[in-house]
Protein chains: 2
Amino acid sequence: MITSLSSSSPVASTAEEEAYLYLQRSLRLGRYKAGDRLIPEDIAAEIGMSRMPVREAFRRLAADGLVTLRPNRGCVVAGLTLDELNETFEIRSVLEGLAVRLALPKMTAEHFEELDRLLLRMERAGEAGSSDWVLRHQEFHAYIYGLSARPKLIRQIAALHVAIEPYMRIWLDYAEKPLSAREEHQALIDALRSGDVAQAERVMEDHVLGTASLLAEFATPGRR
Amino acid sequence: MITSLSSSSPVASTAEEEAYLYLQRSLRLGRYKAGDRLIPEDIAAEIGMSRMPVREAFRRLAADGLVTLRPNRGCVVAGLTLDELNETFEIRSVLEGLAVRLALPKMTAEHFEELDRLLLRMERAGEAGSSDWVLRHQEFHAYIYGLSARPKLIRQIAALHVAIEPYMRIWLDYAEKPLSAREEHQALIDALRSGDVAQAERVMEDHVLGTASLLAEFATPGRR
DNA sequence: GTTTGGATAAGTGGATACAAAAATCCAGTG
DNA sequence: CACTGGATTTTTGTATCCACTTATCCAAAC
C-alpha cells in the first residue's frame, strides 16, 4: 500500500539520483525563487560531483515541471502564474475525484476506522498549516488514493502535489483565517461512509478546488 | 490555438532533441516491442552522435512513460499491462472530460461550424483506423481541448495519447467491427451544441472509456 | 545621454576517456 | 547434468575536455 505522496524513492544509488533528490528538495523548500537560474557547475560543486549527472537531473526536474530547460539557455526555476496554479488545481480536482470514485467501492469497515485514526492524528499534529500537519494531511489523502489501486493515477497526483508545494508553503505562511480542515475532512469521510460514489467524488473535487480559491485570495493577479 | 496533440515541437535544434524525436517516433511506430532493451551506443551510431545526448533523451522518454530506466540496467521499452492500459484510459476520460467542461462555455457558433468541418474531414479521410483518419481524429479532439485554453491540461492529455499510441496501433490493425466513429463524434457535437456542460463532459468521458473497452476485447488478460 | 558594435567572459552541448557495475561465459564440482 | 564461482566481456555511469553559443561589458558614435 502506497502511503506517501512523494513521487520517487528516497534512496540515492547514483550521482544523478542524488542530484535529483537534492534539487527537488531545495526547490520544494523554496530555496530558489521562480526565474532563478540553476548553474550546473555550482550545483555539482555543492554536492561534489561533475556537471554531467546534474544536467540529467535537470531533465527529470523539467519533466516534473519544476524547472524549465531551453537549448543553450540553461535551467531556470519554473514559476507558476496564478492561472497556471489554478489550472493545476483543476487537474488535481478531477484526478483526485477519480481516485476517490475508484477507491470507495473497495473500502471496508477497517478502512473507515483507519481514516478516523488518520484524521485524529492530523488534528493532533497541530495548527492546520504547520509542517507536521501538512505531512499528516498528505498521509490522509494518500491513504484514500492508495485504495484506488491505480499506480499511475497516484503518481500523477503526487507529481502535481510536488509542483504546487512551493506555492502552498508561501500560502500557508500567510494563512490567517483558520482552515476549515476538520470539517472538510470529516465531511469527506462522511461522504465515503455514505457509500454514494458520485457524492464522494464531488466532495473531493470541491475540497481540492476550495484550496485553490483560498490560495487565490493571497496571490496578486500577475504573480509568478 | 493548439491544433496538434503532439507533446513537443518538431524542430530538432540540438542532438539531444534529435535523439528524442527519433526515438519517440520509433516507439510510436512500434519499431520496438515492449521489453526490448535500447542500447545507447547503437542508437547513437544510427543517428550519428555520441551516447551522451541519447542518454538524456532516454530520461525524457522515461518521463513520458515510453521507456523504463533503472540504474546500471539501461533503458527498456515500457510495456503496459491491460490494467495499466485501462488505467490510462480512466485518467484520460476525466482529463478530457474536464477539457470539454472548460471549453464549452467559450464556444461560439463559429466553433461549432469548425467542428462540423473537422468531422467531415475526418469522415473523408477514409476508414476509421487508417493513419489519415487517426490524424484527423486527433485534430478533431485537439480542437476542442484547445478551446479550454489550459496549456498544462492539454499537454497532459497529449502525453497520455503518446503513451497509448503503440497499443492503439495494434488494436486498430485488428479492428474488425466498424468503429461507431461517426455516431459518437456527432453525439459529442450535439452534446456540445446543447450547451449542457455536465452532459457534454459525460459524453466525452464515455467516448474515451468506450475506446478502452473496445480495446480490451482484443487484448488477452495478461498481455503486455 | 542613449544606442550600437564588438571584444571578452561565461556557460552550454557534445565527444571522448576512464572507472565501476552487471551480464555472460566457462570450467570445475557435486 | 545441473550448479557454483570466478574470470572476461559488455554496458553503464561519471569526469574531463573542446567547440560553439549566449551573455556581459565597455567604448565609440550619434
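Letters A, B, ... are given to chains in the order of the sequence lines, protein chains preceding strands, and every chain is numbered from 1. When reading the values below, keep in mind they use all heavy atoms of this one structure, side chains included, and skip hydrogens, waters and symmetry mates.
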[N] [atom2] sits how many Å from [X] [atom1], rounded?
X: A/Met49; N: C/dA19; atom1: CE; atom2: C1'; result: 16 Å
X: A/Glu56; N: D/dT12; atom1: CD; atom2: P; result: 13 Å
X: B/Leu38; N: D/dT11; atom1: CG; atom2: P; result: 13 Å
X: B/Ile39; N: D/dT12; atom1: CD1; atom2: P; result: 7 Å
X: B/Ile43; N: C/dA15; atom1: CD1; atom2: C1'; result: 18 Å
X: A/Tyr20; N: D/dG13; atom1: OH; atom2: C1'; result: 19 Å
X: A/Glu17; N: D/dT14; atom1: CD; atom2: C1'; result: 15 Å
X: B/Asn72; N: C/dA19; atom1: CG; atom2: C1'; result: 12 Å

Tell me whether [X] contacts the main-chain N or O of [Y] through its side chain, where contact means a donor paired with an acceptor under 3.5 Å.
X: B/Lys106; Y: B/Ser148; answer: yes
X: A/Asn86; Y: A/Leu82; answer: yes
X: A/Thr211; Y: A/His207; answer: yes

* Structure fact -> Result for 5'-nearest mapping on DNA chain C, choosing between A/Gly74 and B/Gly48, is A/Gly74
Counting side-chain heavy atoms from C-beta on, which of [options] comes nearest to [X]?
X: B/Glu16; options: D/dA15, C/dG14, D/dT12; value: C/dG14
X: B/Ala15; options: D/dT22, C/dG14, D/dT12; value: C/dG14
X: B/Arg37; options: C/dG11, D/dA15, D/dT12; value: D/dT12
X: B/Arg73; options: D/dT12, C/dG14, C/dA22; value: C/dA22

* Asked: Considering heavy-atom distances to DNA chain D, does A/Pro71 or A/Arg51 have its closest nucleotide positioned more toward the 5' end?
  -> A/Arg51
* To do: Hey, which sits more toward the 5' end of DNA chain D by its nearest nucleotide, B/Glu41 or A/Met52?
  => B/Glu41
* Asked: Ring centres of B/His137 and B/His185 under 6.0 Å apart?
  -> yes
* **Min side-chain heavy-atom separation B/Tyr20-B/Glu56 under 4.5 Å** => no
